[in-house]
Every structure is written in C-alpha cells, then in structure tokens.
Amino acid sequence: MNTLFLDAAFSKQTERPPVWMMRQAGRFMPEYWEIKNKYSFLEMCKTPEIAADVTMLPVDLLGIDAAILFSDILVTGEAMGGDLSFTQGVGPKYANPVRTLKDVDALEVDVLDKLQYVADAIKVIQQRLNGSIPLIGFAGAPFTVMSYLVEGGSSKDFKLTKLLMHNQPEVAHKLLAKIAKVTADYLNLQIAAGVNAIQIFDSWALALSWNDYQEFSHRYIQEIIANLNRKDIPVISFCKGSSVFAPIMAEAKPDVISVDWNADLLNIKNSLPAGIAVQGNMDPHILYADKPVIKKEILRLFERMRGQDGFIFNLGHGIMPDIPFDNVKYAVEVIKDFKY
C-alpha cells in the first residue's frame with residue numbers, strides 16, 4: 001500500500017505531502033454525472049457497487065493518495081428516524097424535523113442494521129482498491145447532523161437550532177447524546193468493515209460561538225473519538241471554523257486536525273500539541289484560477305510547511321461542482337511532482 005497518507009496522519013516523515021481532497025468523488029467530474037443521471041443520490045449511497053464506482057473515480061482519474069467512501073453525513077439522521085430526501089438544486093431535506101422532547105425521544109439509537117449498506121460498500125471498495133491506497137471512512141459530527149434534523153434541511157442562520165440550544169438546552173443535549181452514540185457505533189462499523197482512517201465532519205461548527213462550540217459540539221466529538229476502536233486508524237477532525245477552534249479540537253485527541261483556509265497552517269501546527277498532524281488548507285476557489293496561479297499557491301503552502309512532519313495536503317473545504325476537472329488534475333500532478 002502507498003502509506004504516504006497514513007504516515008503523514010501519524011506525524012511520520014514523508015518525502016512529499018500526500019494529497020486527497022474533500023468532495024473529490026463529486027459533481028466536478030463528468031463521470032460522476034454519468035452515474036448520477038441514472039440514480040438518485042440516496043440510491044447511489046445505498047447500493048454498494050455504485051458507491052464503490054463513485055469512490056473509485058478520483059482514484060482512477062486523479063491518482064490521489066487516499067480514497068474517501070462515497071456516502072453522506074446525513075445517513076445517521078435517516079437511520080435514527082429522519083425522513084431524508086435530496087432534491088437537485090434544493091439539497092437535503094428531513095420531512096419530519098426534530099424540535100420537541102417528544103421528537104427526540106422518538107429517535108432510535110440501535111440502528112446499525114440500517115447502515116449495513118455502508119459496511120457492504122466498504123468491503124466492495126477495498127476489493128477494488130486491492131491494497132493500493134488507504135480508504136477514509138467518515139461521519140457527520142453531532143452538532144452538524146442536529147442542525148439538519150432541527151432545521152429540516154440546510155440553513156443560513158441556524159435560528160431554530162440555536163433557539164433549541166438556548167431555550168431548551170436539556171432537549172438539545174439529549175438529541176446530541178443520541179447522535180453521538182449512533183455516530184461512534186457507525187464509525188466503529190466502518191472500521192470493522194475495513195476503512196483505514198476516519199474523518200469527522202463538523203461542517204457547520206462555524207455558526208457557533210466559542211462557548212457554544214465547547215458545550216454543544218466539542219464535548220460530543222471528544223466522546224465519539226474516545227469510543228472509537230482506533231488502533232492503527234488515524235482520526236481526522238474537521239470543521240469549518242477549525243482556524244478558530246483548533247485549540248479546543250486538539251483536546252479531543254484526534255490524530256489530525258483539518259484546517260479551513262482562514263489561517264496560516266504553520267501557525268496552527270505550531271500551536272497544537274506535538275504529534276497532531278494538520279490537513280489542508282488551500283482555498284478551493286484557487287482551483288478556478290489559471291494553472292500558473294494554482295501551482296504558485298500550492299508551492300507557497302509547501303514552502304511554508306517545509307520540514308514539518310504531519311502535513312496532508314487538502315482544501316479548506318470541499319471542491320465546488322463547477323471547478324474545471326483539468327485544474328484539479330493539474331493540482332494533483334503539481335503535488336505529486338514535489339519533493340522536500
């Protein structure tokens with residue numbers, strides 16, 4: 001296996017930074033749309049062979065150093081009882097939002113049988129990868145999953161979520177505790193099925209104040225990480241807001257903190273305890289730019305991180321769907337040509 005990614009995640013010396021990108025198996029690839037036009041998004045997630053096909057696209061077409069399971073952070077909420085759908089141009093919706101204690105009490109926590117399709121997909125993907133590169137599994141962090149369950153879908157201001165947190169904190173905590181239990185079980189299911197690393201996505205943590213992040217997000221991520229069967233499995237913690245929250249995130253003892261593009265990556269690395277790697281943190285908008293600009297920005301980041309153990313190249317968030325595929329491929333080539 002090309003262990004470059006795993007070595008960097010465990011803060012070992014590598015000859016160059018490994019590369020993978022959030023949303024690398026996605027809508028910027030024509031080959032993705034060939035599949036997507038035949039199936040609904042949830043069909044793609046729930047059919048192991050199709051999930052494997054999509055997972056393998058960036059492996060075959062980009063030559064990245066780690067694959068990430070094709071799935072969605074909201075499948076845990078669906079397994080617990082959320083009526084989940086995805087509509088083109090609208091995004092995810094839960095038709096039965098969770099807003100009262102009664103709603104929270106109705107959610108199930110023993111739901112691994114409903115997520116078995118993910119374990120099945122992991123086994124198919126690992127057969128396809130055949131030991132070539134590591135496979136990353138993932139789940140949504142409790143606060144982010146809660147926000148979708150409470151709002152009933154995406155939100156710009158998280159008003160209903162914050163009202164629940166502030167007016168009925170005991171209800172919010174009961175909901176978060178249930179999601180955290182399911183999430184830890186779900187990630188351990190993925191580990192048992194054969195993933196080589198785990199990433200926890202707290203996509204909307206940036207909506208939270210410092211104190212609210214500590215109370216309503218961090219403590220549950222800490223609990224999840226503490227309950228993982230993580231022997232030889234690096235754990236990556238990502239949130240939009242990691243440039244602010246990194247000092248707290250480190251307390252949960254992840255192996256890697258994935259950093260958004262609002263901070264200097266070396267400054268973040270130097271502020272973290274020894275042995276915690278960093279992942280990131282190029283602004284994905286740079287991939288819209290001309291190729292000389294892309295190369296300049298990648299090399300600038302690499303020169304900044306020169307001599308550092310524990311650095312994985314990634315974007316500060318996911319690839320946008322209209323970024324030119326050729327630009328992404330070029331970025332990967334620049335990275336793979338680099339030597340410390």
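Throughout, numbering of the chain's residues begins at 1 and tracks the sequence.
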Sorted by chain and number, sequence neighbours left out, side-chain contact (heavy atoms from CB on, under 4.5 Å) with Lys123 holds for Gln116, Ala193
Considering residues at least two apart in sequence or located in another chain, which fulfil the side-chain contact (heavy atoms from CB on, under 4.5 Å) criterion with Ser11? Ala277
Under 3.5 Å, side-chain donor or acceptor atoms of residues 305-316 against the rest of the protein: list the pairs with distances, not counting sequence neighbours.
residue: Arg306; atom: NE; partner: Glu303; partner atom: OE1; Å: 2.9
residue: Arg306; atom: NH2; partner: Glu303; partner atom: OE2; Å: 2.8
residue: Asn314; atom: OD1; partner: Met22; partner atom: N; Å: 3.1
residue: Asn314; atom: ND2; partner: Trp20; partner atom: O; Å: 3.1

What distance separates Leu164 CG from Met146 CE, expressed to the nearest 0.5 Å? 6.0 Å
Once rounded to the nearest 0.5 Å, what's the spacing between atom CD1 of Ile191 and atom NZ of Lys231? 12.5 Å
Are the side chains of [X] and [Y] in touch, meaning some heavy atoms are under 4.5 Å apart?
X      : Y      : result
Asp105 : Leu101 : yes
Leu160 : Ser155 : no
Pro321 : Phe28  : no
Phe143 : Thr161 : yes
Asp72  : Leu42  : no

Do Asn196 and Gln126 have a side chain donor and acceptor closer than 3.5 Å? yes
Pair Asp202, Thr144: side-chain N/O donor-acceptor within cut-off below 3.5 Å: yes
Yes or no on side chain to side chain contact (heavy atoms under 4.5 Å, CB included) for Ile64 and Val59, after CA distance, side-chain angles and deciding distance? CA-CA 6 Å; Ile64 36 70; Val59 179; 4.0 Å; yes
side-chain hydrogen bond (donor to acceptor under 3.5 Å, both in side chains): pairs with one or both residues in [range], sequence neighbours excluded:
range            : result
residues 76-95   : Lys46-Glu78
residues 315-328 : Tyr288-Asp322
residues 29-40   : Ser40-Glu43

Mark yes or no for whether [X], through its side chain, and [Y], through its backbone, hold a donor-acceptor pair below 3.5 Å.
X      : Y      : result
Asp290 : Pro292 : no
Asn227 : Glu223 : yes
Lys253 : Ile276 : no

For [X] versus [Y], what's the shortest heavy-atom pair and its separation?
X      : Y      : answer
Pro92  : Tyr148 : CG-CE2, 3.7 Å
Ser71  : Phe138 : C-CZ, 3.6 Å
Ala139 : Leu187 : CB-CD2, 3.6 Å
Ile294 : Ala331 : CG2-CB, 4.0 Å
Val124 : Pro48  : CG2-CB, 4.1 Å
Leu62  : Val332 : O-CG1, 3.2 Å

Ion pair Asp65/Arg16, N-O distance below 4.0 Å: yes
Answer yes or no: is there an ion pair linking Arg128 with Asp53, defined by an N-O contact shorter than 4.0 Å? yes
Other residues, nucleotides, ligands: >12 heavy atoms within 6.0 Å of [X] [atom1]:
X      : atom1 : answer
Lys12  : NZ    : no
Arg230 : CZ    : yes
Lys291 : NZ    : yes

Show me the side-chain donor-acceptor pairs of residues 235-247 shorter than 3.5 Å, one per line, residues at least two apart or across chains.
residue: Ser242; atom: OG; partner: Cys239; partner atom: O; Å: 3.1
residue: Ser242; atom: OG; partner: Ser258; partner atom: O; Å: 3.0
residue: Ser242; atom: OG; partner: Asp260; partner atom: N; Å: 3.0
residue: Ser243; atom: OG; partner: Asp260; partner atom: OD1; Å: 2.7
residue: Ser243; atom: OG; partner: Asp260; partner atom: OD2; Å: 3.2

For [X], which residues count as a salt bridge (Lys or Arg N to Asp or Glu O under 4.0 Å) partner, sequence neighbours excluded?
X      : result
Lys114 : Glu108
Asp185 : Lys181
Glu151 : none
Glu297 : Arg300

Taking side chain to side chain contact (heavy atoms under 4.5 Å, CB included) as the criterion, tell me which of Leu4, Leu6, Asp7 meets it with Pro18. Leu4
Qualifying ring pair (Phe, Tyr, Trp, His ring centres under 6.0 Å) pairs with a residue from residues 153-182, counting only residues at least two apart or across chains: Phe158-Trp204, His173-Phe216, His173-Tyr220
From CA spacing to verdict: side chain to side chain contact (heavy atoms under 4.5 Å, CB included), Leu69, Ile136: CA-CA 6 Å; Leu69 166 71; Ile136 304 166; over 6 Å; no
